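Here the structure is a predicted model, which means the values were calculated and not measured. Every chain is numbered from 1 and lettered A, B, ... according to where its sequence line falls, protein lines coming before strand lines.
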There are 2 protein chains.
Amino acid sequence: MAIHKKESFTQKEQDLAAFAKALSHPARIAILKVLAQRNECICGEIVDVLPLAQSTVSQHLKELKNAGLIDGNIVGPRSCYCINWKAFEKFTVDFNLLFNKLKVQNEKACC
Amino acid sequence: MAIHKKESFTQKEQDLAAFAKALSHPARIAILKVLAQRNECICGEIVDVLPLAQSTVSQHLKELKNAGLIDGNIVGPRSCYCINWKAFEKFTVDFNLLFNKLKVQNEKACC
DNA sequence: TTCATTAATCGTATATTTGCGATATAAGAT
DNA sequence: ATCTTATATCGCAAATATACGATTAATGAA
């Protein structure tokens, strides 16, 4: 892949893709599910639930945090994470704007 | 990455992740946008619009098709694609089920 | 201070994705 | 039958992602 072409697309397309990318691994879906259920959760609890090594879970958490989907802060020697519902809302709205509006017009299949 | 762990997660988690993965590249978002606007579209028109080589676009279309997000059929020497709104609907519903319900309860941030 | 616990980061191996040119395929046109 | 056009597929190179063990850092407990 000589050169990266992602920059050639609109910011909105890139943002939406980045959001989807953060959700594109079952481990991260599972992490979000746990966080959604418990509202907040320390890292160790997530590690206990997932079939992955601690370092791998930490890496997935970092990606979710970088994508802005979760927040995290340190509580003593632990790390407490929770879903950033605001960012979540923004992206689901953008997603619906992009496709669901058009859906109403084009509901009929063509192929 | 010695072994793949994706299989260790629930089917729903895997399905949702696979859907998100199909959306995780701006080129594929752009393709879906074009298809949504025009309802149906032949491959060449998409190639003209995107800043990518024909073979690369064809590959992205294949991924979207494999993920079930678009349908395609051959019309003479061309390929006509369109969005599979039904599959789209299914996944957006699943997505909302997983997170939006819980959101109502947990709207307050914790971190 | 020393030890134990928790989690982030580093280094590394392997898998997957992305991208392109070249080639193959298949239909319609001449 | 040959040529043109449209698109899929192949083969390859480079970039990214995934996973883990080992290490580091930072806090609280003894």
Side-chain angles (χ1 to χ4, degrees), chain A residues 1-9 13-14 17-31 34-35 40-67 70-82 111, chain B residues 1-9 13-14 17-31 34-35 40-67 70-82 111:
Chain A
M1 181 173 52
I3 299 160
H4 255 287
K5 294 296 191 73
K6 288 186 180 172
E7 304 76 22
S8 318
F9 297 91
E13 285 162 354
Q14 290 183 55
F19 174 71
K21 192 170 174 179
L23 296 175
S24 73
H25 193 287
R28 293 195 286 272
I29 297 281
I31 288 172
V34 173
L35 291 181
E40 69 180 46
C41 195
I42 62 168
C43 175
E45 294 177 313
I46 300 167
V47 172
D48 290 344
V49 170
L50 297 198
L52 295 170
Q54 177 266 322
S55 59
T56 306
V57 172
S58 203
Q59 207 170 293
H60 282 304
L61 285 166
K62 191 181 177 185
E63 278 174 69
L64 286 169
K65 200 172 177 184
N66 285 343
I70 64 174
D71 291 315
N73 60 0
I74 295 164
V75 181
R78 295 133 206 268
S79 286
C80 176
Y81 288 100
C82 67
C111 300
Chain B
M1 179 173 54
I3 297 160
H4 255 289
K5 294 295 191 69
K6 288 187 181 171
E7 304 76 22
S8 317
F9 297 91
E13 285 162 353
Q14 291 183 56
F19 173 70
K21 191 170 174 179
L23 296 175
S24 73
H25 194 287
R28 292 194 287 273
I29 298 281
I31 288 171
V34 174
L35 291 180
E40 69 180 48
C41 196
I42 63 168
C43 175
E45 295 177 313
I46 301 168
V47 173
D48 289 344
V49 170
L50 297 198
L52 295 169
Q54 176 267 321
S55 59
T56 306
V57 172
S58 200
Q59 207 171 293
H60 282 304
L61 284 166
K62 192 181 175 185
E63 278 173 70
L64 287 169
K65 200 172 176 185
N66 285 344
I70 65 175
D71 291 316
N73 61 1
I74 296 165
V75 180
R78 295 135 205 266
S79 286
C80 176
Y81 288 100
C82 66
C111 298

Can you check each nucleotide of nucleotides 3-10 of chain D against protein heavy atoms at under 4.0 Å and return B for base, S for sugar-phosphate only, - for none, in 5' to 3' order?
---SBBB-
Check side-chain contact (heavy atoms from CB on, under 4.5 Å) between A/Pro51 and all other residues, then give those that pass, not counting sequence neighbours.
B/Ser8, B/Phe9
Would you kindly give the NZ-to-C1' distance between A/Lys6 and D/dA17, to the nearest whole Å?
10 Å
Please figure out whether A/His25 or A/Ile74 has its closest DNA chain D nucleotide nearer the 5' end.
A/His25
Spacing of A/Glu63 atom CD relative to D/dA19 atom C1', expressed in whole Å
12 Å
Which atom pairs, one a donor and one an acceptor, fall under 3.5 Å between side chains of residues 53-63 of chain B and the rest of the protein, sequence neighbours left out?
from: B/His60; atom 1: ND1; to: B/Arg28; atom 2: NH1; distance (Å): 2.9
from: B/Glu63; atom 1: OE1; to: B/Arg28; atom 2: NH1; distance (Å): 3.1

Rounded to whole angstrom units, what separation is found between the NE2 atom of B/His60 and the P atom of C/dT17?
12 Å
Whole angstrom is fine here: how far is it from CG in B/Leu50 over to P in C/dC20?
11 Å
Among D/dT18, D/dC20, C/dG21, which is the nearest nucleotide to the side chain of A/Arg28?
D/dT18
Rounded to the nearest 0.5 Å, how far apart are CG of A/Leu23 and CG of B/Leu23?
9.5 Å
Rounded interatomic separation in angstrom, taking CG from B/Leu23 and P from C/dT18
12 Å
Rounded distance (Å) that lies between atom P of C/dA15 and atom NZ of B/Lys21:
14 Å
According to side-chain contact (heavy atoms from CB on, under 4.5 Å), who are the partners of A/Ala17, at least two apart in sequence or on a separate chain?
B/Pro26, B/Ile29
